[in-house]
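These numbers were taken from a predicted model, which means no experiment stands behind them. So you know, we letter chains A, B, ... as the sequences are listed, proteins then strands, and number each from 1.
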There are 2 protein chains.
Amino acid sequence: MLRLTKQTDYALVLLSLIARNGASEMFTARDLARRTNIPLPMVSKILKRLGKEEILHSVRGASGGYRLARDPSEVSVAEIILTLEGPISITECSGESDTLCALECSCPVSSTLQRVNRAVIDALEGISIGDVAAPHHAASDPKPCSCTAPLIGAPGA
Amino acid sequence: MLRLTKQTDYALVLLSLIARNGASEMFTARDLARRTNIPLPMVSKILKRLGKEEILHSVRGASGGYRLARDPSEVSVAEIILTLEGPISITECSGESDTLCALECSCPVSSTLQRVNRAVIDALEGISIGDVAAPHHAASDPKPCSCTAPLIGAPGA
DNA sequence: TGCATACAGGACCAGATTGGTCCCAATTCG
DNA sequence: CGAATTGGGACCAATCTGGTCCTGTATGCA
């Protein structure tokens, strides 16, 4: 556990795909859906949200689409999470919650958990979409891989 | 977001309370519930689970209760999370999932996210219940604090 | 001008997760 | 024996979330 939502997971996949294929190129939701096997409506939903923030730039109309609003190296994973899931905090009281922790007095945990939380945030801020798109683990060019069937939403199996 | 479940949150509070009051002392679920304002059935549920793993030692019968099975410094936050929520992995494919990621081929993300995941785990493994119980941030002794009313499950407000 | 394509912004639903409660059996102490 | 306590469930209601769908608006092209 300690998990991102699937939407955020998808977002990272989509953004890294865009980042890998040139930051200035334009992608339609339909195209991205085809390439990732993520259901189109889901892709739309996510891209719309990323478009409202300053992460993606959208162009409407025929031959429209989305492209990165900034350089891939300037969009951190933490920012993606923040956009789609709100402030990063592993517990309710470890963030800058406006609602006071109900356990406050019996909870000496918070100060320590804030340190943990900080460590997590630092780790996530230290990684950009550019990093995600271009893994440095002796990456030969991304081999096409054998799984070509639409694995998500596949009706058959 | 990127949040622990409330149960895990509670567990950290409970364990830190136990650790703070002497690792060898015995606590009943009822007692801990009173002190933390966490609903008793919830406390029971959590302690039961921690008892099954080797985190708490339980004694049944009258004047029974729970105490830490190990030294507070030897129980990491990561272990608590692992016990209550399963393996720590921020996405489905970043862990040692047995179910293959459906996006596998179009997902160059994983290797990088595994690094992120590793960073998170490292941070959580580096902090023990002992640390949580005794924060080193110029801690004067834990002042009783003003909030004495049962804030959780309070019927009135 | 008309139409196809794409994004914008919702509402909406079903399933899964989770916080929380409750019940009953087994164990131990006085 | 009886009270106190853990053990191990089942159970429910509320929330969250993945996923779908519908309608409107902007744009490019024949």
Would you kindly check whether a donor in the side chain of A:Lys45 faces an acceptor in the base of D:dG19, or vice versa, at under 3.5 angstrom?
yes
Using a distance-only criterion (donor-acceptor N/O pair, under 3.5 Å, no hydrogens), is the base of C:dG19 paired with the side chain of B:Lys6?
no
Who passes side chain to side chain donor-acceptor pair (under 3.5 Å) against [X], sequence neighbours left out?
X: A:Asn21; value: none
X: A:Ser63; value: none
X: B:Arg118; value: B:Asp122
X: A:Thr83; value: none

For [X] and [N], is the shortest distance between a side-chain N/O and OP1 or OP2 below 4.0 Å?
X: B:Tyr66; N: D:dG7; value: yes
X: A:Ser58; N: C:dA8; value: yes
X: A:Arg30; N: C:dA6; value: yes
X: B:Tyr10; N: C:dG19; value: no

When the distance from [atom1] of [X] to [atom2] of [N] is rounded to whole Å, what number comes out?
X: A:Met26; N: C:dT5; atom1: CE; atom2: P; result: 17 Å
X: A:Leu4; N: C:dT17; atom1: CG; atom2: C1'; result: 17 Å
X: B:Glu53; N: D:dG7; atom1: CD; atom2: P; result: 12 Å
X: B:Asp31; N: D:dA4; atom1: CG; atom2: P; result: 15 Å
X: B:Leu47; N: D:dG8; atom1: CG; atom2: C1'; result: 14 Å
X: A:Ile46; N: C:dG10; atom1: CD1; atom2: P; result: 18 Å
X: B:Ile38; N: C:dG20; atom1: CD1; atom2: C1'; result: 13 Å
X: B:Arg3; N: D:dT17; atom1: CZ; atom2: P; result: 10 Å

Describe the nucleic acid contact of A:Gly51 in one word from base, sugar-phosphate, nothing, applying a heavy-atom distance below 4.0 Å.
nothing
Donor-acceptor under 3.5 Å (A:Arg49 side chain, A:Leu84 main chain):
yes
For B:Val43, the side-chain contact (heavy atoms from CB on, under 4.5 Å) test, sequence neighbours excluded, returns B:Leu14, B:Ala29, B:Leu32, B:Ala33, B:Ile38, B:Leu47
Check nucleotides 27-29 of chain C for protein N or O atoms closer than 3.5 Å to its own N or O atoms and list the pairs.
unit_1, atom_1, unit_2, atom_2, d
C:dT27, O2, B:Gly61, N, 3.4
C:dT28, O2, B:Ala62, N, 3.0

Of the listed D:dT5, D:dT17, C:dT21, the closest approach to the B:Thr28 side chain comes from D:dT5
Note, A:His57 side chain near A:Leu68 side chain (heavy atom, < 4.5 Å)
no
Assign each of B:Gly65 and A:Pro41 the nucleotide of DNA chain D bearing its closest heavy atom; nearer the 5' end lies the nucleotide of B:Gly65
